[in-house]
Amino acid sequence: SSHFGRNPPHQAYPRQATSRAGAMPPKGAASRSAAPPPENAAGAAPAGGDAGEEDTMEDFDMPVIIKVKPEDQMQLSPEELEKEVPPRVLYPQNPQAPHNLTQYSHKERAFRKDEQVDQAVFHLSIDGAILLKESGEALEQTEIQDKKEEEAKGDRADQDEEEAFDPPEDEKEMPVKNPLRNQFNFSDRAVQTKNSILRERGWATEPPPTTGFSGTVTQWDIFDTYKKDIDLAKEKEKDDKNKPKSSIDDEPEKKPKKDANAPIYSESMRLSIKIMERMVNQNVENEVYLDFKYWEDKSDEFRDGEGTLLPLWRFSSEKAKRKQVTCIKWNPQYNDLCAVGFGSYDFLRRGTGVICCYSLKNTRFPEYVFNTDAGVCSLDWHPQHPAVLAVGLYDGTVLVYDVRAKMKKPIYQSTVRTNKHTDPVWEVRWNTDESGGTLNFFSISSDGRVSNWLMMKNKLESEEVMELKLLSSSQAGGEEDETSLAGLAGGLCFDFSRHSEHLFLVGTEEGRIHKCSKAFSGQYLENYEGHSMAVYTVRWNPFHPKIFLSASADWTVKMWDHTVRLPVMSFDLGQAIGDVAWAPYSSTTFAAITSDGPAAPMSGVVHIYDLSVNRKERICEQKVVKRAKLTHVAFNPVEPILIVGDDRGGINTLKLSPNLRKGVERTEETDPNKTDEDLQIDKMEHLLEMVTETKEA
């Protein structure tokens with residue numbers, strides 16, 4: 001049929017289907033005659049039926065086709081009817097198939113687009129079990145079945161022949177068939193083999209020739225032999241001293257191993273294994289890493305300035321088991337690396353020490369481990385050379401390590417000849433002023449001395465910066481007393497000012513804090529009295545040049561202005577304080593650690609104060625560990641995390657909620673010319689003004 005109900009030119013007009021007589025065709029049907037119809041109606045429909053019968057007989061075998069025109073068919077003009085309709089083509093393409101698949105090409109080391117698109121779509125897939133009879137596989141199966149049937153027929157015929165026997169003459173002798181047949185149809189067969197012949201072989205050898213050796217020695221011979229060994233050892237020490245020693249800035253020389261060429265011992269293999277270990281660790285602890293990166297406590301929006309701490313990881317090592325964390329220090333250049341010193345604060349139980357360098361990229365095992373002969377009391381990274389680590393030990397020795405070196409021994413070590421300390425070295429600090437050309441650091445000890453250690457070519461040389469004179473109460477008040485010169489005060493902590501390089505603070509066992517100068521080693525610049533027991537920690541404020549913080553064994557934390565002898569603010573925590581630290585992002589925020597009170601003396605609590613939010617109460621007080629005492633605390637300089645060490649050798653990592661890490665908040669009224677540091681100083685100055693007004697009132 002053609003479009004829009006038109007008859008094609010090659011098709012004849014059909015006749016009426018209802019009657020064989022020459023009646024009128026129905027509406028919409030055309031006459032079969034090729035000649036045009038007559039003008040009058042009578043000629044179009046003759047009354048007689050002879051002509052109609054003849055036409056019907058002639059086209060009796062032709063199909064009768066009736067074209068019915070619908071009533072709602074659109075009326076088109078001849079021009080529109082002659083117009084060709086564009087065909088619709090179906091393309092074998094799947095519109096849902098992805099056309100932008102990209103795969104990584106290991107050959108080209110880049111991502112490449114896959115131009116081939118799979119357009120096939122399987123709506124139903126069923127594995128068939130029917131084979132064509134004429135196929136090769138079907139013919140093979142037919143042959144196999146025929147062979148099996150022939151073999152089965154042959155076996156039956158053989159059994160019939162075996163069972164065939166001559167029938168006996170007497171019917172009584174006829175065997176009776178056993179109705180109980182053997183369902184398993186098995187038979188026993190046994191074969192006996194010959195025993196193998198055993199042969200023995202043996203050899204007899206002559207013993208090796210031996211000779212006896214003996215001699216008689218006297219005491220002089222023994223003495224001379226020992227003397228030679230001692231002389232050889234001394235000559236070897238002289239040769240070692242004369243050898244040139246590489247500087248710290250140079251990378252340690254790589255000593256070739258016997259099998260250094262083997263791929264498994266190469267540096268690239270070691271680096272690949274380290275990267276793989278970090279990847280496995282991050283996959284195992286994926287949830288913790290996601291919390292570290294993205295988690296924020298939404299409940300801080302409904303708290304009035306208070307916050308919480310989220311525990312993340314706990315670093316621990318088998319080598320540091322049953323040891324106490326005595327110091328923690330973050331690396332100044334690599335923000336994910338921190339050094340932890342292990343020793344013991346129980347002076348009746350002395351032992352060896354361990355230094356572990358942990359990374360946030362691998363929380364299962366330390367990156368570097370160094371063993372020491374005595375317990376570690378303090379350590380510090382060099383600010384410009386991040387691989388150099390200074391360490392102070394319990395026996396008074398100071399060490400310098402290069403963590404890049406393959407040898408786990410210190411590159412420098414103090415001895416009795418270099419005037420080492422006689423008591424524990426409680427704190428070490430690198431000197432940022434390198435005007436002398438040599439690297440040097442300071443140390444403070446309970447023997448009452450503050451020393452400066454210079455790293456020379458072959459050894460450490462010490463210079464005494466100050467002797468901590470023991471002041472009596474009358475001398476502290478301004479009166480001189482000659483009897484007070486007899487002893488030295490035990491130094492426990494010190495800190496150097498970032499704004500004035502010559503100024504530093506010293507905390508002593510007597511509870512006093514002294515302001516000293518590198519230029520004046522004979523006397524103190526100022527004495528601060530406020531603590532009644534030993535001062536464990538003193539820390540300058542990282543922003544304000546006048547403010548510092550102190551923590552003491554009298555359960556108090558005090559904030560001082562170094563131009564005033566009395567404390568500006570005091571916080572009584574009510575429990576033994578282990579350590580205190582300023583936050584690196586705010587001039588008014590600090591953290592302190594204590595135990596959980598008399599009811600739970602073996603559990604640690606972290607206290608965080610933000611004096612710009614609340615001057616009297618802490619904004620966070622959270623128990624961190626059970627059955628352990630916290631010893632030290634440190635803020636990460638970049639990431640919003642806090643680490644605390646305990647007396648069971650564990651280091652706990654905590655994430656600060658948004659309310660605990662508020663820095664500088666700029667508003668429309670804030671002067672745009674002021675830097676963040678200026679705003680931090682203004683925030684502290686505003687706090688000092690409020691405290692001064694409160695005291696005057």
Side-chain angles (χ1 to χ4, degrees), residues 278-279 281-315 328 330-332 334-338 358-364 542-543 579-594 596 603-626 630 632-646 650-668 670 675-677 679-680 683-684 687:
R278 291 181 175 181
M279 292 170 63
N281 178 67
Q282 293 185 19
N283 286 336
V284 172
E285 299 184 351
N286 185 35
E287 295 182 359
V288 183
Y289 278 97
L290 291 177
D291 290 343
F292 161 67
K293 201 69 179 175
Y294 303 108
W295 180 85
E296 300 293 347
D297 193 353
K298 299 298 182 182
S299 59
D300 277 15
E301 300 175 359
F302 308 100
R303 297 192 182 101
D304 188 12
E306 297 180 353
T308 57
L309 298 171
L310 175 68
L312 295 177
W313 301 285
R314 178 177 172 83
F315 298 99
I328 301 174
W330 287 99
N331 192 285
Y334 301 99
N335 300 319
D336 63 303
L337 185 67
C338 69
Y358 290 100
S359 174
L360 298 180
K361 298 176 182 177
N362 186 3
T363 58
R364 296 293 184 89
F543 300 98
D579 195 9
V580 68
W582 285 105
Y585 50 83
S586 175
S587 61
T588 58
T589 304
F590 65 89
I593 52 175
T594 65
D596 197 20
S603 61
V605 180
V606 177
H607 308 265
I608 296 180
Y609 286 83
D610 190 349
L611 304 181
S612 62
V613 177
N614 193 333
R615 289 178 294 159
K616 298 180 180 179
E617 297 294 334
R618 63 215 73 171
I619 61 174
C620 178
E621 179 181 359
Q622 186 169 330
K623 184 187 295 185
V624 177
V625 293
K626 296 180 180 180
L630 298 181
H632 284 275
V633 60
F635 282 92
N636 188 286
V638 176
E639 302 292 344
I641 58 175
L642 179 77
I643 56 173
V644 292
D646 54 42
I651 302 96
N652 301 277
T653 311
L654 310 168
K655 183 174 182 180
L656 303 167
S657 65
N659 281 356
L660 301 183
R661 57 176 195 266
K662 290 183 178 179
V664 176
E665 296 181 359
R666 292 182 178 269
T667 60
E668 297 178 356
T670 306
T675 62
D676 291 347
E677 189 171 355
L679 295 177
Q680 294 284 5
K683 185 164 65 169
M684 177 59 76
L687 173 66

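- No donor-acceptor pair under 3.5 Å is formed between the side chain of Lys662 and the backbone N or O of Asp610.
- Distance check: Leu360 CG to Gln282 CD gives 10.0 Å after rounding to the nearest 0.5 Å.
- For Pro332, the side chain to side chain contact (heavy atoms under 4.5 Å, CB included) partners are Trp381, not counting sequence neighbours.
- The nearest pair of heavy atoms linking Cys338 to Trp330 is CB-CE3, 3.6 Å.
- Looking at residues two or more places apart in sequence or on another chain, you find no side chain to side chain donor-acceptor pair (under 3.5 Å) involving Lys361.
- By the salt bridge (charged side-chain N to carboxylate O under 4.0 Å, His left out) test, Asp336 pairs with no residue at all, sequence neighbours left out.
- When all heavy atoms of Trp582 and Met684 are compared, the pair lying nearest together is CH2-CE, 4.3 Å.
- Nearest approach of Ile619 to Asn659, heavy atoms of both residues: CD1-O, 4.1 Å.
- To the nearest 0.5 angstrom, Asn331 atom CG is 8.0 Å from Asn335 atom CG.
- Looking at residues two or more places apart in sequence or on another chain, you find a side chain to side chain donor-acceptor pair (under 3.5 Å) between Tyr289 and Asn281.
- Within the model, atoms OG of Ser657 and CZ of Arg303 stand 6.5 Å from one another, a figure rounded to the nearest 0.5 Å.
- Lys683 is linked by a side chain to side chain contact (heavy atoms under 4.5 Å, CB included) to Ser586, Ser587, Thr588, Ser612, Gln680, counting only residues two or more places apart in sequence or in another chain.
- Residues forming a side chain to side chain donor-acceptor pair (under 3.5 Å) with Asp676 (at least two apart in sequence, or on another chain): Arg666.
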Which atom pairs, one a donor and one an acceptor, fall under 3.5 Å between side chains of residues 306-315 and the rest of the protein, sequence neighbours left out?
unit_1, atom_1, unit_2, atom_2, d
Thr308, OG1, Asp297, OD2, 2.8
Trp313, NE1, Glu285, OE1, 3.0
Arg314, NH1, Asp646, OD2, 2.9
Arg314, NH1, Asn652, OD1, 3.0
Arg314, NH2, Asp646, OD2, 3.3

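- Across every non-hydrogen atom of Pro584 and Asn636, the tightest pair is CG-O, 3.5 Å.
- For Glu296, the salt bridge (charged side-chain N to carboxylate O under 4.0 Å, His left out) partners two or more places apart in sequence, or in a different chain, are Arg661.
- For the pair Arg364 and Val284, the minimum side-chain heavy-atom distance is below 4.5 Å.
- Looking at every heavy atom in both residues, Tyr585 comes nearest to Thr589 through OH-CG2, 4.0 Å.
- Evaluation of the side chain to side chain donor-acceptor pair (under 3.5 Å) rule for Tyr358 yields no partner, not counting sequence neighbours.
- Side-chain atoms of Val606 and Gln622, non-hydrogen and from C-beta on, never get closer than 4.5 Å to each other.
- Across every non-hydrogen atom of Leu660 and Ile608, the tightest pair is CD1-CD1, 3.9 Å.
- Expressed to the nearest 0.5 Å, how far CD1 of Ile643 lies from CD1 of Ile328 amounts to 4.5 Å.
- One finds the OG1 atom of Thr653 at 9.0 Å from the CZ atom of Phe292 (value rounded to the nearest 0.5 Å).
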